[in-house]
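Okay, structure first, notes after.
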Amino acid sequence: DNKTAIAAAGGISVVLAAMMVHKGHVRLQVNGCMVLRSLAMNNNNKTAIAAAGGIPVVLAAMTAHSGHVDIQVQGCKALGNLSEKNDDNKTAIAAAGGISVVLAAMMVHKGHVRLQVNGCMVLRSLAMNNNNKTAIAAAGGIPVVLAAMTAHSGHVDIQVQGCKALGNLSEKNDDNKTAIA
């Protein structure tokens, strides 16, 4: 499969190097996040991207270009795929400040449907970790998810991902259950 072939050929390090050298180039950051999102659909690549420093590179792109919605969407998609079914990456994303970066993106781009869907998706995945449940709530994540669901009540994908995020945040966490209710 191409995801495996690209990684085996050194593609992860090449993409990350390009993103680091050209931090100010919006189109490169969007496309770099898109490549990492795609490659992270492969479990071995999730580990390789994290080991190569990919998580802070994605977060740096999102932080440097907070007003650019396409970088925020692709960054969230990359973080979502990196964290899906990978406990180490869930922890690494949170430790690198990923929760606050995702929440900031959701707050800045409240009206952007794709961002809200993908932001909720990342929070859903990260909230499968008990420490992250607490960190997301402490960072104000519960009202951000609820605001996305309220503002976009007619958009089923936001409702689905928002419900999944709230479900994971509340599972085995009485404080979060109270905050959500």
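Bear in mind that the values here come from a model prediction, so they are computed numbers and not experimental data. Because only heavy atoms are used, hydrogens play no part in the values below, and waters and symmetry mates are left out as well, while side chains stay in.
Linking ILVMFWY residues whenever their side-chain heavy atoms come closer than 4.5 Å, directly or via other members, leaves I71 and V73 in distinct clusters. Note on L166: it clusters hydrophobically with M107, by side-chain heavy-atom contacts below 4.5 Å among ILVMFWY residues. Under a hydrophobic-cluster definition in which Ile, Leu, Val, Met, Phe, Trp and Tyr are linked whenever side-chain heavy atoms come within less than 4.5 Å, directly or via other members, L28 and V69 are assigned to different clusters.
G97 and S100 make their closest contact through O-OG, 3.0 Å (heavy atoms, listed as atom of the first residue, atom of the second, distance). Of all heavy-atom pairs between A78 and C33, the closest is CB-O, 3.8 Å.
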Just list the side-chain donor-acceptor pairs under 3.5 Å for residues 135-155, sequence neighbours left out, or say none.
unit_1, atom_1, unit_2, atom_2, d
T150, OG1, L146, O, 2.8
H152, NE2, K110, O, 2.7
H155, ND1, D157, N, 3.4

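Looking only at distances, a side-chain donor or acceptor of N176 sits under 3.5 Å from a matching main-chain atom of L169. The backbone N or O of K3 lies less than 3.5 Å from a partner atom in the side chain of N45, making a donor-acceptor pair. Looking only at distances, no side-chain donor or acceptor of K85 sits under 3.5 Å from a matching main-chain atom of N43. Counting only distance, with no hydrogens or angles, the side chain of Q29 and the backbone of M19 share a donor-acceptor pair below 3.5 Å. A donor-acceptor pair under 3.5 Å is absent between the side-chain atoms of N168 and the main chain of A127, judged by distance alone. Although no hydrogens or angles enter the test, the distance criterion places a donor-acceptor pair under 3.5 Å between the side chain of T91 and the main chain of D87.
Residue M41 qualifies as open at atom CE: its count of foreign heavy atoms under 6.0 Å is 12 or below. Around the NZ atom of K177, the shell of radius 6.0 Å holds more than 12 heavy atoms that belong to other residues, nucleotides or ligands. Annotation for D1: atom CG counts as buried by contact number, over 12 foreign heavy atoms lying within 6.0 Å.
Rounding to the nearest 0.5 angstrom, the gap separating the OG1 atom in T47 from the CG atom in N86 is 5.0 Å. Distance check, rounded to the nearest 0.5 Å: CG of N31 to CD of Q74 gives 8.0 Å. To the nearest 0.5 Å, atoms OG (S38) and CE (M34) are separated by 8.5 Å. Atom CG of N44 and atom CG of L39 lie 12.0 Å apart (nearest 0.5 Å).
Contact annotation: the side chain of K46 approaches that of E84 to within less than 4.5 Å [non-hydrogen atoms, C-beta and beyond]. Looking at V30 and V26, their side chains come closer than 4.5 Å, going by heavy atoms from C-beta outward.
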